[in-house]
Amino acid sequence: SSGINAEYGGKGKLSMRDGGHYKGDFVNGEITGKGERLWSNGNVYVGEFEQGELNGTGQMKYEDGRRYTGQWRDNKYEGKGTLHSGEGDIYTGHFHLHKRHGDGEQVWSDGRRYEGGWVANKPHGHGTMKYADGSVYEGQYYHGLRQGQGTYTHITGISYSGLWIQNEIPPEEFASGMAFVGSTEIDIYQGESFSIELAVLHPSGNVMEGDTGRLLEAEVGLLSIPKGDKNSKIKSEILETGVTFETPYGEVKAANIAEVSRKDPRLEEYEDMSEKNESPEVSDEKDRTGSRSGYDYITLPTPTQTTPIQPTHCGHASWVNVCIPGHDMIETVESEDDDGDLVEEAKPKAKKKGKNSPATTRKERSATPDDREKWKKEGPRAERDKDLLKYAAPGTYIIKISDVTDPKFFDNTLEPIYMKVNILKIKKSSNKYLLPKSPVSTRKLEK
């Protein structure tokens, strides 16, 4: 030693047998007070000492990149401190016997963040883990594993609250499937809108009320066409071309799903007239009879683009006031999204004008010169026929609902479910359509 009186104390430097050294305070010949200790392996401690031991507050920089700043007792982490792993992980909180112990927060380099109880370097007791993808677990831990009661909220919004065993949700607690609310087969007339509602089910059969944010996609496909339909040739062409997908009913040709601009196109005009104590417009006695027998006159609204994907909310999902548009109503176009990537989106086809312009509807493309001459003479009826082509032609359609949640909720993807939609030929009178006054869900149709 030098610069001190080892017997009485002061400041000085002491060389160690291992090749390291100490410089700092001495008391009665002992390393006590504040100082700096360098080990031969490259570790460096700056802080408080007591009789040669690391005691009090200080910082240790390890040769491998780790760094601890905080309280010490007998050369071990004890009390409050912050530990940097050297690889980007940081723990701030309590230590005991050189280990994370008590309340503390750990941030990992992969984006995870845990705040809560610790025992022997592992999460233990109550804590909250925020994962890199945005998912969150809050609940009980046992020696590093999710164990006991806890709530997990997935990045999609799907959540589970209940028992955890060995870091996992018990298999019997996952959603087991989906089911339609109401019938799995409906009959509608061409031009009518309808709604789809379903529930996500627990294995017990109850609704999974915590299931919110699961993404479900509705696909529509044409299964078959009525025999003897005068438009069957046109629809046969649809069945022979295009994208297909499998269903329990057989292979179908992909169609579209669209929204209807008015909440209930069958009733809006009628209810408005009823408030004024008026009757729907009629042109002859036959129409009056039709109206009295349960049908009303409507003007068909134009279907508009809608997203086929809907999220669940409290265990339910729905597509409200939708329809199956005509085969030519929607086309696929390319555009750029916010990231500059090419994406496909649905867009109504623009009507082309001009003598030599290509036909824009199925009926026009398949029309003979005699048909066109007939349309010119009929006037309003021709417009009516073109209006009707906004909607899918009579036939049997299948709606497939699929779980497209990404990323998956613990690899729990629900099996698809299917609904059959029978589209019936619309009733006509003069240049107007006649549809039942009662909603689809409350009436029984005659086939």
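With a 4.5 Å cut-off on side-chain heavy atoms, M419 and E185 do not count as touching. A 4.5 Å side-chain heavy-atom check between L198 and L216 finds at least one atom pair inside the cut-off. Using a 4.5 Å cut-off on side-chain heavy atoms (C-beta onward), Y91 and T82 make no contact. In this structure the side chain of I90 never reaches within 4.5 angstrom of the side chain of L83, judged on heavy atoms. Taking 4.5 Å as the limit, every side-chain heavy atom of D89 sits out of range of all side-chain heavy atoms of H84. Looking at V136 and Y152, their side chains never come closer than 4.5 Å, going by heavy atoms from C-beta outward. For the pair T396/K420, a side-chain contact is recorded, criterion being any heavy-atom separation below 4.5 Å from C-beta on.
Each side chain to side chain donor-acceptor pair (under 3.5 Å) pair with one or both residues in residues 116-129, not counting sequence neighbours, appears once here: R100-N121. Residue pairs meeting the salt bridge (Lys or Arg N to Asp or Glu O under 4.0 Å) criterion with at least one member in residues 168-181, sequence neighbours excluded, do not occur.
Under 3.5 Å, the side chains of S159 and T153 contain no donor-acceptor pair of N or O atoms. Side chain to side chain, N55 and E48 fail the donor-acceptor criterion of an N or O pair below 3.5 Å. With hydrogens and angles left out, the side-chain atoms of E197 and S318 include no donor and acceptor closer than 3.5 Å.
Of the charged side-chain nitrogens involved, at least one lies within less than 4.0 Å of a carboxylate oxygen, so that D25 and K11 count as a salt-bridged pair.
Although no hydrogens or angles enter the test, the distance criterion places no donor-acceptor pair under 3.5 Å between the side chain of Q59 and the main chain of V46. Checked by atom type and distance alone, the side chain of N256 never pairs as donor or acceptor with a backbone atom of P325 at under 3.5 Å. Here the side chain of N206 pairs no donor or acceptor atom with the backbone of M208 at under 3.5 angstrom. With hydrogens and angles ignored, the 3.5 Å screen pairs a side-chain donor or acceptor of H94 with a backbone N or O of D103. Counting only distance, with no hydrogens or angles, the side chain of E53 and the backbone of N75 share no donor-acceptor pair below 3.5 Å. The main-chain N or O of A218 is never found under 3.5 Å from a side-chain atom of W319 such that the two would form a donor-acceptor pair. T32 contributes no side-chain N or O that, together with a main-chain N or O of V27, makes up a donor-acceptor pair within less than 3.5 Å.
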Would H202 and F174 count as a side-chain contact (heavy atoms from CB on, under 4.5 Å) if you check the C-alpha gap in whole Å, the side-chain angles of each, and the deciding distance to 0.1 Å? CA-CA 7 Å; H202 184 273; F174 281 106; over 6 Å; no
Could you walk me through whether F194 and V322 pass the side-chain contact (heavy atoms from CB on, under 4.5 Å) test, one step at a time? CA-CA 5 Å; F194 58 96; V322 294; 4.1 Å; yes
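Within a 6.0 Å sphere centred on NE2 of H143, other residues, nucleotides and ligands contribute more than 12 heavy atoms. Around CD of E217, the count of heavy atoms belonging to other residues, nucleotides or ligands within 6.0 Å exceeds 12.
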Side-chain donor-acceptor pairs under 3.5 Å in residues 403-411, sequence neighbours left out?
residue, atom, partner, partner atom, Å
D403, OD1, T405, N, 3.1
D403, OD1, T405, OG1, 2.7
D403, OD2, R214, NH1, 2.8
D403, OD2, L414, N, 3.0
T405, OG1, L215, N, 3.0

Tell me which donor-acceptor pairs under 3.5 Å the side chains of residues 245-252 have, and how far apart each pair is, sequence neighbours excluded?
residue, atom, partner, partner atom, Å
T247, OG1, Y249, N, 3.1
T247, OG1, G250, N, 3.2
T247, OG1, G250, O, 2.7

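Under the salt bridge (charged side-chain N to carboxylate O under 4.0 Å, His left out) criterion, R37 pairs with D18, not counting sequence neighbours. Residues forming a side chain to side chain donor-acceptor pair (under 3.5 Å) with D74 (at least two apart in sequence, or on another chain): none. Take Y160 and apply the side chain to side chain donor-acceptor pair (under 3.5 Å) test, not counting sequence neighbours, and it matches no residue. Annotation: side chain to side chain donor-acceptor pair (under 3.5 Å) contacts of S40 (sequence neighbours excluded): none. By the ring pair (Phe, Tyr, Trp, His ring centres under 6.0 Å) test, H98 pairs with Y77, sequence neighbours left out. Every residue two or more places apart in sequence or in another chain that forms a side chain to side chain donor-acceptor pair (under 3.5 Å) with E78 is listed here: H96. For Y418, there are no ring pair (Phe, Tyr, Trp, His ring centres under 6.0 Å) partners at least two apart in sequence or on another chain. By the salt bridge (charged side-chain N to carboxylate O under 4.0 Å, His left out) test, R113 is found to be paired with E105, residues two or more places apart in sequence or in another chain being considered.
Going from atom OG1 of T212 over to atom NE2 of H316 covers 11.0 Å, rounded to the nearest 0.5 Å. For the atom pair CE of M178 and CG of D211, the computed distance is 10.0 Å after rounding to the nearest 0.5 Å.
A ring pair (Phe, Tyr, Trp, His ring centres under 6.0 Å) with W164 holds for exactly one of Y137, Y142, Y141; it is Y137. For the side-chain contact (heavy atoms from CB on, under 4.5 Å) with S193, the qualifying choice from I324, N321, I188 is N321, the only one to do so.
Here the closest heavy-atom approach between residue A392 and residue Y397 is recorded as CB-OH, 3.4 Å.
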